[in-house]
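To keep things clear, I will list the structure first and then write my remarks on it.
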Amino acid sequence: MVKVIFRDKQWELRPGMTVRDAILKLGLDPEAVLAVRNGQLIHEATLTQDGDTIRLVAVISGG
Amino acid sequence: MRHHRLALCAEHFLDWFVSYTQRTIEEFHMFSSSDRLLVAVSGGKDSLALWDTLARLGYQADGLYIGLGIGGDEGYSAASQGKAQAFADAHGLTLHVVDIKKTYGESIPELARRTGRGRGKPCSVCGLVKRHVMNRVTLEGGYAALATGHNLDDEAAVLLQNTLRWQTGYLARQAPVLEATHPGLARKVKPFCRLYERETAAYALVRGIDYIYDECPHASGATTIFYKELLNRLEGHSPGTRHSFYLDFLRAKKKGQLLLPAEEEPDLHPCQQCGQPTTAPGLCAFCRLWA
Ligand code: SF4
């Protein structure tokens with residue numbers, strides 16, 4: 001499975017989809033987050049693999 | 001075309017980002033290599049990425065951190081100051097710190113509560129205080145300009161907001177360089193104005209800059225975030241929308257294709273207390289907060 005972490009939330013998804021599809025599946029906006037795996041920024045077209053832990057980092061700031 | 005620059009490998013992306021910033025500085029005649037700059041540093045991704053980039057480009061750039069006193073001893077302000085100071089120490093850069101409570105007697109939340117401004121949110125007081133302090137430190141330090149980390153998304157969100165309300169005065173003034181129209185006003189520049197927020201965040205991550213991920217607790221529900229989300233949805237449908245919306249606006253304005261009101265010189269005079277220019281008779285809005 002693929003573990004996805006965003007802020008204080010955590011999900012488990014099946015592997016083999018693109019990072020972009022994983023973000024969409026979680027109901028998040030792909031424009032609003034960046035994905036990091038093993039400390040490295042990964043492209044949204046990257047295919048997720050079994051055992052991955054992907055951390056999503058919010059892009060938007062404001063105020 | 002979707003964020004084609006993020007498809008570059010890490011090393012090329014970092015190189016591209018730094019040289020693109022330099023090209024923006026040149027294109028808008030922001031400053032030269034002999035100028036001393038002050039960077040407004042919040043501890044967030046944009047301001048630390050900007051400070052990093054300017055230092056790498058060889059500019060003499062000091063930082064200014066304003067301690068707002070939000071969130072108590074271990075809260076947002078303390079954490080963001082820690083990030084800003086750690087970055088300065090690690091890179092041998094000078095960070096000026098102005099702690100609002102220590103300098104003026106009250107933190108931003110306390111000041112907002114006492115003055116009752118901003119309908120329960122400290123943001124209007126906060127913005128006013130930050131503008132005053134940034135202007136003061138830039139002028140007192142003899143800096144040629146104040147550089148802020150505003151990115152393309154910030155600028156496009158403001159443009160959308162101002163366009164929807166036909167705020168023609170604000171539209172006339174929105175620009176990557178705000179000239180010092182008065183000796184008491186600092187020149188302001190935005191070297192990241194052509195970079196997407198995704199790109200500044202990616203730069204900070206790939207460069208390994210330790211920035212504060214958390215937002216100021218008062219940012220939730222901020223109008224800027226709402227407009228950014230709207231623009232993100234547009235961008236999802238037609239990539240490049242934000243870029244052309246903002247940059248074509250700047251181009252049209254430069255060519256005189258937009259009929260915006262000519263900037264009237266406001267009648268400015270020195271505040272009786274702090275000396276900064278103000279249109280108000282007597283004390284400026286900042287000094288009235290503390291009166
Ligand atoms: S969100 Fe409001 S209170 Fe927080 S730093 Fe921004 S302007 Fe200040």
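Because the structure is a prediction, the values reported are computed rather than measured.
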> Among A:R7, A:Q40, A:R55, which has the most heavy-atom pairs under 4.5 Å with chain B?
Replying inline: A:R55

> If you draw a 6.0 Å radius around CD in A:Q10, do more than 12 non-hydrogen atoms from other residues or ligands fall strictly inside?
Replying inline: yes

>> Quick one, B:N232 and A:V59 - any side-chain contact, counting heavy atoms below 4.5 Å?
In response: no

> Side chain of B:E197, backbone of A:S61: donor and acceptor closer than 3.5 Å?
Replying inline: yes

>> Please determine whether the number of non-hydrogen atoms from other residues, nucleotides or ligands lying under 6.0 Å from atom OH of B:Y20 exceeds 12.
In response: yes

> Does atom CD of A:E12 have more than 12 heavy-atom neighbours from other groups under 6.0 Å away?
Replying inline: yes

>> Looking only at heavy atoms and a cut-off of under 4.5 Å, which of B:L205, B:T200, B:T223 has the most pairs with chain A?
In response: B:L205

> Does any heavy atom of chain A fall under 4.5 Å from the side chain of B:D154, the backbone, both, or neither of them?
Replying inline: side chain

> If you count the non-hydrogen atoms of other residues, nucleotides and ligands that lie under 6.0 Å from CZ in B:F226, is the total more than 12?
Replying inline: no

>> Test your reading of the model: is there a side-chain donor-acceptor pair from B:R198 to the backbone of A:V33, 3.5 Å cut-off?
In response: yes

> So, for A:I60 and B:K228, which heavy atoms are closest and what is the spacing to 0.1 Å?
Replying inline: CG2-CD, 3.7 Å

> Side chain, backbone, both or neither: which part of B:K121 has a heavy atom under 4.5 Å from chain A?
Replying inline: neither

>> Taking side chain as everything from C-beta outward and backbone as N, CA, C, O, which of these in B:D214 sits under 4.5 Å from a heavy atom of chain A? Side chain, backbone, both or neither.
In response: neither

> Which heavy atom of B:A202 sits nearest a heavy atom of A:L41, and at what distance?
Replying inline: CB-CD2, 3.6 Å

